Every structure is written in structure tokens, then in C-alpha cells.
There are 2 protein chains.
Amino acid sequence: MLGLPMAEQNFTSAELYDAWPVLSLTERVEGFELLQRDDADDFFRQLSARDRAELIVALPPGEQRLWLRLLAPDDAADVIQEAPAAQRDHLLSLLDDFTQREVKGLLDYAEDEAGGLMNTRYSRLRVDMTVDEAISYLKRDARAREKTVYYVYVVDAEERLLGVVSFRDLIVAPGDKRVGDVMRTEVISARDDLDQEALSKLFMRHHLLMMPIVDSAGRIKGVVSVNDIVDVVQEEATEDMQKLGAVETLDEPYLQISLARMIKKRAGWLAALFLGEMLTATAMGRFEAEITRAVVLALFVPLIISSGGNSGSQATTLVIRAMALGEVRLRDWWRVIRREVVTGLGLGLILAVLGLVRILLWQWWFDAYGEHYFLVASTVALSLIGVVLWGAVAGSILPFVLRGCGFDPASASAPFVATLVDVTGLVIYFTIAAVVLRGTLL
Amino acid sequence: MLGLPMAEQNFTSAELYDAWPVLSLTERVEGFELLQRDDADDFFRQLSARDRAELIVALPPGEQRLWLRLLAPDDAADVIQEAPAAQRDHLLSLLDDFTQREVKGLLDYAEDEAGGLMNTRYSRLRVDMTVDEAISYLKRDARAREKTVYYVYVVDAEERLLGVVSFRDLIVAPGDKRVGDVMRTEVISARDDLDQEALSKLFMRHHLLMMPIVDSAGRIKGVVSVNDIVDVVQEEATEDMQKLGAVETLDEPYLQISLARMIKKRAGWLAALFLGEMLTATAMGRFEAEITRAVVLALFVPLIISSGGNSGSQATTLVIRAMALGEVRLRDWWRVIRREVVTGLGLGLILAVLGLVRILLWQWWFDAYGEHYFLVASTVALSLIGVVLWGAVAGSILPFVLRGCGFDPASASAPFVATLVDVTGLVIYFTIAAVVLRGTLL
């Protein structure tokens, strides 16, 4: 780039990248074919696996081979995984035999485990080479030329990992030293079946750039780069956020998912919440007599239950995110509840005062709530304390219950907590009303 | 690690790391002092800037110097930024003069811009050196020994960036080639005042490992590593999620923030939502006469408004996340609305059918809703369609309105949308009721 803005240098490629999300498949293919070979190369590397798969499938067969062979085995595996099932064997057959075997090995791993993220092209050295020998070996090793190689792994005859040297270590070391003296032996490695979220935590905790992936016998199978981890972190955050908003994980960009699938991803939770929320109608029905006698009570129902729901949303959001970041663990449940009891009481008191002032003001200005206005105001204020407190406690404890039962804590979506709190909130409100207003309004 | 589980090799350090969040400051200092020097080193590197600052301030002065000097200038700057204001000058004075100047330069940048993330220790080469000369220069250059250096930047006499070579490029290139022939000249660089979220998008789009940071004259000032970007991505996701849950960004771990600050971070939004939600009491008051005549209408209020709120939560969550990922841009607003109209109608129809069935069943089994049950059921079903549709549209459009007005779209928290939808949902419901039930119940 060097001073020139990107738009001047990569004019077409940057423009195409910008327009990509709104283009139809035919337009995408046309735009892509119009790019200079160099630009097309850069452009292709910037696309997601999904977009690459869609594009490759739509290209003429000769070009399919060209673009697929451009990719490292792990990227090729991702593309094949994203392609329609009927196309996968055809795409695999476009690769050379050696790469085909590598890609098939990678396709056996689940997408979200370490083995599914790793690159199988890494450079290896023997422990008894000198630094100079290592350097001249690496000059000849084609794998060392791959863009994604920053570290060289030192292995024994059974491919078991002994240590690691970076290219930098080799450059700054005296040429006659042994690799074994230069290498670092405290290598953080991960098993090939480790979940990608746990893998990303290891990367972040140890500020790693690359991590070797080993099988159960300690043999190195590939390397994962921190670039893949950035994507994992982004993807996991998206999943958690969507669950928190009571949407099934989309797994596709918002503008690209079909409307039928979009409705399906949202209808499940929405219907489940609706069925849960029906209990509010049942709960309200139980108090129909009270409402008939004191319609004024009905006016504050949305205010009270939504305050509980909001307090619950806050608590569940905070706890779910803290769990995802590893700040809160299962065994911290009691500390969390204690914090939420105090916080919930504090927040409830604040809203109670606001509610009290609101009702008293409306009474003075508009005579809105009749002769028993002070009892009504007290009922509302006390209910707010109870409901906000209950929201905070229920919202914070639900992720623990879900995780304890082996579910994903992020399923304790904010709307789920709100629904739970709505139903109990009604019971709290009408019970307090029954006590406070007995003998006057009720 | 190499086969041995971490717990056996780093026994005390791993245990201390695990227990860290629940330890008091005194216990932390004690635990840290008990570690072997080697372990303590590793352990210190794993701590967050906040934890490092807290620990350093609590250590005796001699040790403060030792640990602070262990850090790269950018990490030292982070620690000083996290330390109490009264301690900052003292901590700065512990550094050597050269580092002190570097750290002061870094402290001038905002925490969330590229300059605040960059490391000022990078290696430079001249364009006319041979590869062999470059390698022997780097063997003598202390900066090349730093763990975080993977690339060497080629600059002219004014420190303007000409190109980049990796240590790998140097190793695999013939020794008599010029650096100018080996270097890549298409360097993606960023300005020092670029926002960290935009910076992380550049990293992800181009799969970068490091990026040089330049000033307005194109002079290189430092480098940002992708490791810092992982933290940025995680941090930005946390902020967005907390805003979505209607909490002000905590900026501190859940279990470590004081309860007073926790209440403050949550009370603002909760009170604002409460004031907004008071409009529901006003809206319900407008329909008090209708409720008095047909108490049955009140029973379905929570069911209907919460369904609108849930639909709105889903839409706002999806749109906010898609905006953060760059999948949806401001100019896509019309496409988003069209999608949400269709989706909202589909979801509304599904809930309407569920609601209709529920009311009819309860009527047949319990005779719950009197002679006009079918009109009541129709009112509820029609209202559900209207409210769910309105929720989807309002929830999706609000982030656009906020961004268009220059605010953070993530402030369109799910509870905010729910509140908005509650008030209008009531109006929709009672208006439909007035039309459908005129002459019968009303």
C-alpha cells in the first residue's frame, strides 16, 4: 500500500470486495473473472470458506482446479466442507494425490476441534543438526516457503515433538550450535480432538502465535495458527450473542441466509417462549377477581414484569459472558448469587423509589389512582423490589443450572429469563397486592 | 510440556493461575512470591494488564523495578495505564531512560487506537543490504531477539516504510540477493490513530500476523501483533454483548468489580428503561374503560407484549452482530427491513396459530373466556401478528437509526427494543380489540 490508498492500487478487487454481499452468484462470478490474475489471487484469499466454495462450484471445471489447488490443505478442506454434498467428491478429485490424502484426513475431524483447524504443512528438523545445517535444509524444504510457516518443529524418529525453534531463533543463533541447544523444549501443544473454544483459551493465555497439534501418542499432526483463532473467537462470540438473543445460531451471514431458514432459526425459540409466556395468561386468570375489583392493578402489570425481565437480562448477559471468558466457573455459583442478591436489592430499591415518585406525582397532578393511591404506590414499590431482586437472582443462576446439567449456559437467553421472571413476577405482584390492599381495594 | 500434563511441570504456577480470581490481593502477593523465579516469569506473562498493575503496586519497590522492566514497552504502558493515578509517575521512574521515553510516547495514544496497541521494538533493514548482510546484522541486533519480532521492516533514510521481509523469507532466500529483491512491497499498514475495531477487521480480512503502524507522514512507529488483535476481538464482543443486555460496559471482570460500581453500571439503563416502560401504565390507563368492561383483555397483555419484545430482541441481536462483523452496512437498511417484514409476518402467523389453538382449547376444556371467546381469540391472534411484525421491524431498524445519528448501534439493547415494543404493542392490541369486539364485549 505504502502511502497510496487501497482503492487506487487494488481498484477492482477492493470494489468487488465491498459489493460482494449484495451481488448475486452470477454477478460474483462475472466480477471475479474480470479481475487481473494478481488481484484475483489476493481477492480469493480474503473470501470466507463459504464464499470460496460457492464461487468455485460456479466456475468452469478448469478454473475450479486452479483455485482449489491454490489453497493450503486445511483451507481446501474447509471449502469442500462448505460445498454442496453432491459436489464434494468432484472437488476432492481435482486435487493431486498427496494433497487429496491430506485433505481427506482433515475432513475426518469435526469443524470445531483442533484437528479441523490445523494446517498439515509444517517444517520439521532433527535435534542433532547444527543451526547452519538447519538453515540450508530449510532453504531446500518447499514447506518452509509456505506463507503460514513461522516455526520449525523438532521431532524424533517417531515424529514425537521434542521442541520448537522459530526462524528468528535460527537467524540470531551462532551457526555451529546444535538445534537441540537452540530449541525451546517447553512447547504448549494441544490434542487433535480438543474443542476449538478451549484451544482459543490456550492461545490467549499463553500469547501464542502457533501451536502444534498432536495425537494421543504425542506425534505431531499439524499446526494451528493464531489467525484461525481470531476467527474462532469471533465465531464463538457470534454464537453466544445469537443464543443470548434467543436465536438459533445462524451459521450464515444475515443478508445471505434464506428467509425460510431465517424463520426456522427464530420460530423455535419464539414459539417456546410463547408457550412459556402463556403461563402469564393462566397466572393473570387466577387473579381475575382481584383485577375486576381493582382494575388499577392491571395498569402496572407491564411496568413491573418488564422491570424484572430487564434486571434478569442484565444478570444473565453478565454471567454468560463471564463464563465464556473463563472469569466465572461453575464452582463460583455461590459468590455470584451473593453478589446478585445485593445488586438486585440495590437496583430494586432505586426502581421502587422511581415508581413511588411517579405514582404520587400522577396522583397529585391528575388524581389518577383514587383514594387508596398510597396503598397502590406501596404495592408497586414493594413488587418492584421483589421482582428486580428475583430477576437478578434467576438470571444469574440459570446459566449455572444449565451448565451443571451439561447444557450450553448461553441457552439461558435474555428472553428466556424474561419469560421466567414474567410469570413469577405476576405472582409476586398480585400476592403483595393481596396483602397490602386487603380490606381497601381488595 | 511434551507429554507431561501442565499440572505436573508447572505445579504451583498453574494452581495459582486457577485460584487467582478468588484470592485477595494479599494472598495473590504471597502466592506469587512463593513461585520459583522461572515459574513466576511465565506466570507474570499470563496475567492481564489489570492484574499485573495490581500485583506490581503491591510488591516491594525492588521487585517492582524487576517485573516492570521485564515487560515490552507496550505492555509496560498498559500496566502503568491500569495502575492508580497516584502511582503512575513512580512506576514510570522505575524504567530506564530510553524505555521511559518509549512508554511516555505510547501513553499519549488512546487505549483503543492502533498506536495504543503497538510495540515500539521492531527490527529495521536497509533496502540495499544483501540477505547475508541482513542476517548477520540481525544476529547483532538486540531487538531481533525479542520474542514478538517475526518480521523485519525495510525503511528509507526518513524511516518511511518500503517493504517487509519475514525471518523465513531471509532464511529461504539465496544469501547474495538484495533485501530489496526479497522484500514484499505491498505492505498493509495502518495509521497510528486508527480505531482498534477497524484495525482488527484489517487483520482478519488479510489474515495478517503483524502490521506496521505509521504516522501521518508514512514513517513507521511500531508494530501490532495479531495476539493483541485476539484480545481486541474478545473485548469488543464483550462490550457489544453487555450493551445488548442493557449493561454499561463493565471494563472489569464480573467477580472483581465492586458492588457499588456494578449497581452503577446497571442502574442507569434499568432506570431509563423503567421510565420508558412507565408509558405502558399511561397507555393502559387510556384503555382503563375497555379493561373494566372486558377484564379478559388484561389477561393476555403480558403474552402479547412479551412476544413483540422477543421478536424485537431477535432482530436487534442479529442486526447488531451482523453490523459488528461488517456483514450489514448502513446502506443495507432497506434490504434488512424487507427481510424483517417477511420474517416478522411469518413468525407472527406461527404465534397467532399457537395463540388461537391455546384459547380455543382452554375454552373447550374450562369454558375460560365466556360466550365471545372466538372474538377474543381473533383479537389475540391478530394482535400477535401485528406486534411480532412490529417487533421485528423496530428491532432491526433501531441499530440503523442509532448508527445514522452517530451513536453506537449496540446501544439498541434488546431490553430497549422490548420496551419500545411493549408500549406500541399495547396500543396495537387495544386498538384491534376495539375494532373486533365493538358491540359485543366493548
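All chains are named by letter (A, B, ...) in the order of the sequence lines, taking the proteins before the strands, and each is independently numbered beginning at 1. Just so it is clear, the model here is predicted, and its values are computed rather than measured.
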Enquirer: Using non-hydrogen atoms only, which part of A324(B) is less than 4.5 Å away from chain A: side chain, backbone, both, or neither?
Expert: neither

Enquirer: Pick from V247(A), I263(A), L209(A), V295(A): which one has the most heavy-atom pairs with chain B under 4.5 Å?
Expert: L209(A)

Enquirer: Search all heavy atoms of A281(B) against all heavy atoms of R358(A) and return the closest pair with its distance.
Expert: CB-NH2, 3.8 Å

Enquirer: Between D422(A) and chain B, which part of the residue has a heavy atom less than 4.5 Å away: side chain, backbone, both or neither?
Expert: side chain

Enquirer: Y151(B) vs Y150(A) aromatic rings, parallel, tilted or perpendicular, using cut-offs 30° and 60°?
Expert: perpendicular

Enquirer: Which atoms of I257(B) come close to chain A, meaning under 4.5 Å heavy atom to heavy atom: side chain ones, backbone ones, both, or neither?
Expert: both

Enquirer: Looking at V423(A), L275(A), V328(A), which one has more heavy-atom pairs under 4.5 Å with chain B than the rest?
Expert: V328(A)

Enquirer: Could you look at V230(A) and say if it's the side chain, the backbone, both or neither that has a heavy atom under 4.5 Å from chain B?
Expert: both

Enquirer: Under 4.5 Å from any heavy atom of chain A, what part of V342(B) do you find: side chain, backbone, both or neither?
Expert: both

Enquirer: Heavy atoms, side chains only, cut-off 4.5 Å: are L138(A) and S123(A) in contact?
Expert: yes

Enquirer: Under 4.5 Å heavy-atom distance to chain A, tell me which part of L354(B) shows up: side chain, backbone, both or neither.
Expert: both

Enquirer: Write down the atom of I229(B), the atom of S200(B), and the distance for their closest heavy-atom approach.
Expert: CG2-CB, 3.7 Å

Enquirer: What part of L208(B) lies closer than 4.5 angstrom to a heavy atom of chain A: side chain, backbone, both or neither?
Expert: backbone

Enquirer: Is V336(B) close to chain A through its backbone or its side chain, or both, or neither, when contacts mean heavy atoms under 4.5 Å?
Expert: both

Enquirer: Please flag which part of I305(A) lies under 4.5 Å from any non-hydrogen atom of chain B: side chain, backbone, both or neither.
Expert: side chain

Enquirer: Would you please test S225(A) and D228(A) for side chain to side chain donor-acceptor pair (under 3.5 Å) and show each step?
Expert: CA-CA 6 Å; S225(A) 140; D228(A) 299 314; 4.7 Å; no

Enquirer: Quick check for you: among L279(A), T280(A), T282(A), L299(A), which has the greatest number of heavy-atom pairs under 4.5 Å with chain B?
Expert: L299(A)

Enquirer: Quick one: what part of D38(A) sits under 4.5 Å from any heavy atom of chain B, side chain, backbone, both or neither?
Expert: neither

Enquirer: Check each atom of M241(B) against the heavy atoms of chain A and say whether the ones under 4.5 Å are side chain, backbone, both or neither.
Expert: both

Enquirer: After noting the C-alpha distance and the side-chain angles of S413(B) and K243(B), does the key distance pass the side chain to side chain contact (heavy atoms under 4.5 Å, CB included) rule?
Expert: CA-CA 6 Å; S413(B) 62; K243(B) 280 187 203 145; 5.9 Å; no

Enquirer: Is chain A contacted by the side chain of I350(B), its backbone, both, or neither, given a heavy-atom distance below 4.5 Å?
Expert: side chain

Enquirer: Locate the shortest heavy-atom distance separating P415(B) from L273(B); write the atom from each residue and the value.
Expert: CB-CD1, 3.5 Å

Enquirer: Non-hydrogen atoms of chain A under 4.5 Å away: do they reach the side chain of I320(B), the backbone, both or neither?
Expert: neither

Enquirer: Step by step, would you call R329(B) with D332(B) a salt bridge (charged side-chain N to carboxylate O under 4.0 Å, His left out)?
Expert: CA-CA 5 Å; R329(B) 286 153 304 179; D332(B) 296 321; 3.8 Å; yes

Enquirer: Of the non-hydrogen atoms in A283(A) and L426(A), which two are nearest, and what is the gap between them?
Expert: CB-CD1, 4.2 Å

Enquirer: With only heavy atoms counted, which part of L303(B) is less than 4.5 Å from chain A, the side chain, the backbone, both or neither?
Expert: both

Enquirer: Tell me, side chain or backbone of Y17(B) under 4.5 Å from chain A's heavy atoms, or both, or neither?
Expert: side chain

Enquirer: Provide the closest heavy-atom pair for R321(A) versus A237(B) in the form atom of the first, atom of the second, distance.
Expert: NH2-CB, 3.6 Å

Enquirer: Counting heavy-atom pairs under 4.5 Å to chain B, which of V214(A), V152(A), N310(A) comes out on top?
Expert: N310(A)

Enquirer: Taking all heavy atoms of M284(B) and all of A298(A), pick out the closest pair and write down the distance.
Expert: CE-O, 3.0 Å

Enquirer: Is L244(A) in contact with chain B via its backbone, its side chain, both, or neither, using a 4.5 Å heavy-atom distance?
Expert: side chain

Enquirer: Inspect the contact between E340(B) and R266(A) and indicate whether a charged nitrogen and a carboxylate oxygen are less than 4.0 angstrom apart.
Expert: yes

Enquirer: Look at L384(A), D240(A), T292(A), L270(A) and state which one has the largest set of heavy-atom pairs under 4.5 Å with chain B.
Expert: L270(A)

Enquirer: So for T419(A), is it side chain, backbone, both, or neither that comes closer than 4.5 Å to the heavy atoms of chain B?
Expert: side chain

Enquirer: With respect to chain B, which residue among G346(A), G276(A), P174(A), A271(A) yields the maximal number of heavy-atom pairs within a distance under 4.5 Å?
Expert: A271(A)

Enquirer: Could you tell me which portion of M278(A) (side chain, backbone, both or neither) has an atom closer than 4.5 angstrom to a non-hydrogen atom of chain B?
Expert: both

Enquirer: Checking A322(B) against chain A: side chain, backbone, both or neither under 4.5 Å from a heavy atom?
Expert: side chain

Enquirer: Check whether R331(B) gets within reach of chain A through its side chain, its backbone, both or neither, counting any heavy atom under 4.5 Å.
Expert: side chain

Enquirer: Side chains of F203(B) and V233(B): closer than 4.5 Å at any heavy-atom pair?
Expert: no

